[in-house]
Number of protein chains: 2
Amino acid sequence: MKKTPARPSAAFRMTPQRAELLRALEGNKSHPSAEQLHRRLRKKFPGVSFATVYNTLQSLLDIGELAEIRIDRSRARFDPCTDGHAHLMCAECGAIADLSVSRPPAVSGAPRGFKVLRCNIEFYGVCPACGKKAGNKEKTLCQKKKRK
Amino acid sequence: MKKTPARPSAAFRMTPQRAELLRALEGNKSHPSAEQLHRRLRKKFPGVSFATVYNTLQSLLDIGELAEIRIDRSRARFDPCTDGHAHLMCAECGAIADLSVSRPPAVSGAPRGFKVLRCNIEFYGVCPACGKKAGNKEKTLCQKKKRK
DNA sequence: ATACCAGATAAGAACCATTCTTGTCAAGCG
DNA sequence: CGCTTGACAAGAATGGTTCTTATCTGGTAT
């Protein structure tokens, strides 16, 4: 007469597609976007749809096995490492690097009664490779770049 | 034979629409979205288009008179105060409050050669009003909320 | 075993903030 | 005055993400 728990508390159900997506994420330090993950997944499962990628990513986010990074204004990026580290993104090529926060920022002016749940720290800059390129080319080419 | 500077170095050209938008922004601590600004602007100029709002906002961003805030994942928010303060957003109602950073975070692991240009610090939480509401209602209602 | 059911998948439509395009207009300058 | 530049309006286009609908599948209860 129970409500048929059936699957143990609706845990993450493993499927071949999901396993491959997990494999693509495991230890991945490149902070891939949904599109990149979809491309990679399609190599093994040519028929896999974008919805499957988004659904799986959402499930992983729900169970806390994945972090969504919003440092890239034009699309979400994902990080299998979920400790609350900071990120540094190259404004030119979009590469994202990890940073560990050894000392959290001290803030003032926090409205009373605001319950803080999470903190994001993001840095924007120019990566070594792009910095080198900028040394050669004129800067005029890099100005209006908004999306990749 | 000069390149006809015409207007003094392409400065920000004032128009009634722009003046009204500036008025809407001046001292505005609510971090409005483009849509909110458009609504407000339409009260005085019913025919004003979204493109005008975006164009003007972009111009203001270009000349550094406005800051774009990305703490709200679903839309850009704007802040007439451009010093690099931090923000705190209520995950329930979307309200954004200001915070001043009295001590910048210390980070390690920064890749060599990365030239840092800018830093964002964002906090997410629950504002006093929503915290009170959550005390009454069940939490089940607030789970899937993604966009307003 | 077999029917059932929750969840997974595929395909594509829908959504929506933002950007782009096109044409028109106004203002400053020569 | 005509030219040039930039503002404006209207709407189309873009593109990442979400939603919908219709199967499919694998574990569970009977």
Side-chain angles (χ1 to χ4, degrees), chain A residues 1-22 32-39 41-42 44-63 66 68-78 94 144-148, chain B residues 1-22 32-39 41-42 44-63 68-78 94 143-148:
Chain A
M1 225 51 71
K2 293 187 304 175
K3 276 284 252 33
T4 63
R7 261 146 301 314
S9 75
F12 186 78
R13 183 143 110 196
M14 193 55 66
T15 66
Q17 289 92 339
R18 294 186 158 195
E20 179 61 19
L21 186 62
L22 283 174
S33 65
E35 188 196 351
Q36 290 171 321
L37 291 168
H38 184 221
R39 265 207 299 272
L41 196 48
R42 256 205 298 206
K44 218 161 208 160
F45 300 93
V48 79
S49 81
F50 241 117
T52 298
V53 173
Y54 276 110
N55 287 341
T56 305
L57 290 174
Q58 191 57 57
S59 299
L60 289 170
L61 292 174
D62 289 345
I63 64 176
L66 186 68
E68 185 179 10
I69 305 171
R70 282 265 150 186
I71 194 174
D72 184 342
R73 46 197 277 105
S74 66
R75 80 209 68 204
R77 308 273 291 253
F78 297 91
K144 333 218 77 158
K145 200 190 289 184
K146 281 295 151 54
R147 310 194 165 209
K148 231 188 328 188
Chain B
M1 226 42 77
K2 292 190 304 174
K3 278 285 252 30
T4 63
R7 259 140 309 308
S9 77
F12 186 78
R13 184 145 109 196
M14 195 54 66
T15 66
Q17 288 92 339
R18 292 184 162 197
E20 179 62 19
L21 187 61
L22 283 174
S33 66
E35 188 197 351
Q36 290 171 319
L37 291 168
H38 184 221
R39 265 206 298 271
L41 195 49
R42 254 204 300 205
K44 216 160 211 162
F45 300 92
V48 79
S49 81
F50 240 116
T52 298
V53 173
Y54 275 111
N55 288 340
T56 305
L57 291 173
Q58 191 56 56
S59 300
L60 290 170
L61 292 174
D62 289 344
I63 64 176
E68 186 180 9
I69 304 171
R70 282 266 149 187
I71 194 175
D72 185 343
R73 44 197 279 106
S74 68
R75 77 210 70 205
R77 309 273 292 252
F78 298 91
Q143 284 181 351
K144 333 219 75 158
K145 202 191 286 183
K146 280 295 151 51
R147 310 194 164 209
K148 235 189 324 190

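Below, chains carry the letters A, B, ... as their sequence lines are ordered, and counting in each starts from 1. Reckoned from all heavy atoms, side chains included, excluding hydrogens, waters and symmetry mates.
B:Q17 comes within contact range of the sugar-phosphate backbone alone, with a heavy-atom separation under 4.0 Å but no base atom that close. Contact annotation for B:N55: no contact, since no heavy-atom pair falls under 4.0 Å across all strands.
For the pair A:T52 and C:dA10, the criterion of a side-chain N or O lying under 4.0 Å from OP1 or OP2 is met. For C:dC16, the OP1/OP2 oxygens have no side-chain nitrogen or oxygen of B:R75 closer than 4.0 Å. Checking the phosphate oxygens (OP1, OP2) of C:dA17, no side-chain nitrogen or oxygen of B:R73 falls inside 4.0 Å. Between A:Y54 and D:dT17 there is a side-chain N or O to OP1 or OP2 distance below 4.0 Å.
Here the CG atom belonging to B:L37 is positioned 13.0 Å from the OG1 atom belonging to B:T52, to the nearest 0.5 angstrom. For the atom pair CG (B:L60) and CG (B:L21), the distance works out to 6.5 Å, reported to the nearest 0.5 Å. Atoms CZ and CG, from A:F78 and A:L57 in turn, are 4.5 Å apart once rounded to the nearest 0.5 Å.
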**Message:** Test side chain to side chain contact (heavy atoms under 4.5 Å, CB included) on A:T15 and A:T56; report intermediate values, then the result.
**Reply:** CA-CA 10 Å; A:T15 66; A:T56 305; over 6 Å; no

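Nucleotide C:dG7 holds its P atom 8 Å from the CZ atom of A:R13, rounded to whole Å. Rounded to whole Å, atom P of C:dA27 lies 16 Å from atom CZ of B:F12. In this structure, A:M14 atom CE and D:dG26 atom P are separated by 14 Å, rounded to whole Å. Here D:dT17 presents its C1' atom at 11 Å from CD of A:Q58, a figure rounded to the nearest Å. In this structure, B:L37 places its CG atom 11 Å from P of C:dT18, rounding to the nearest Å. Between the CG atom of B:L41 and the P atom of D:dA7 there is a distance of 15 Å, given to the nearest Å. One interatomic measurement links the two molecules: CD of B:E20 to P of D:dA7, which rounds to 18 Å at whole-angstrom precision. Atom CG in B:L21 sits roughly 13 Å away from atom C1' in D:dA7 (whole-Å rounding).
Which of D:dA9, D:dA7, D:dT17 sits closest to the side chain of B:T15 comes down to D:dA7. Set against C:dA10, D:dC8, C:dT18, the side chain of B:T56 has D:dC8 as its closest nucleotide.
Of the two residues contacting DNA chain C, namely A:P46 and A:S59, the nearest-nucleotide position lying further toward the 5' end is that of A:S59.
Residues satisfying the salt bridge (charged side-chain N to carboxylate O under 4.0 Å, His left out) test with A:R39, not counting sequence neighbours, are A:E35.
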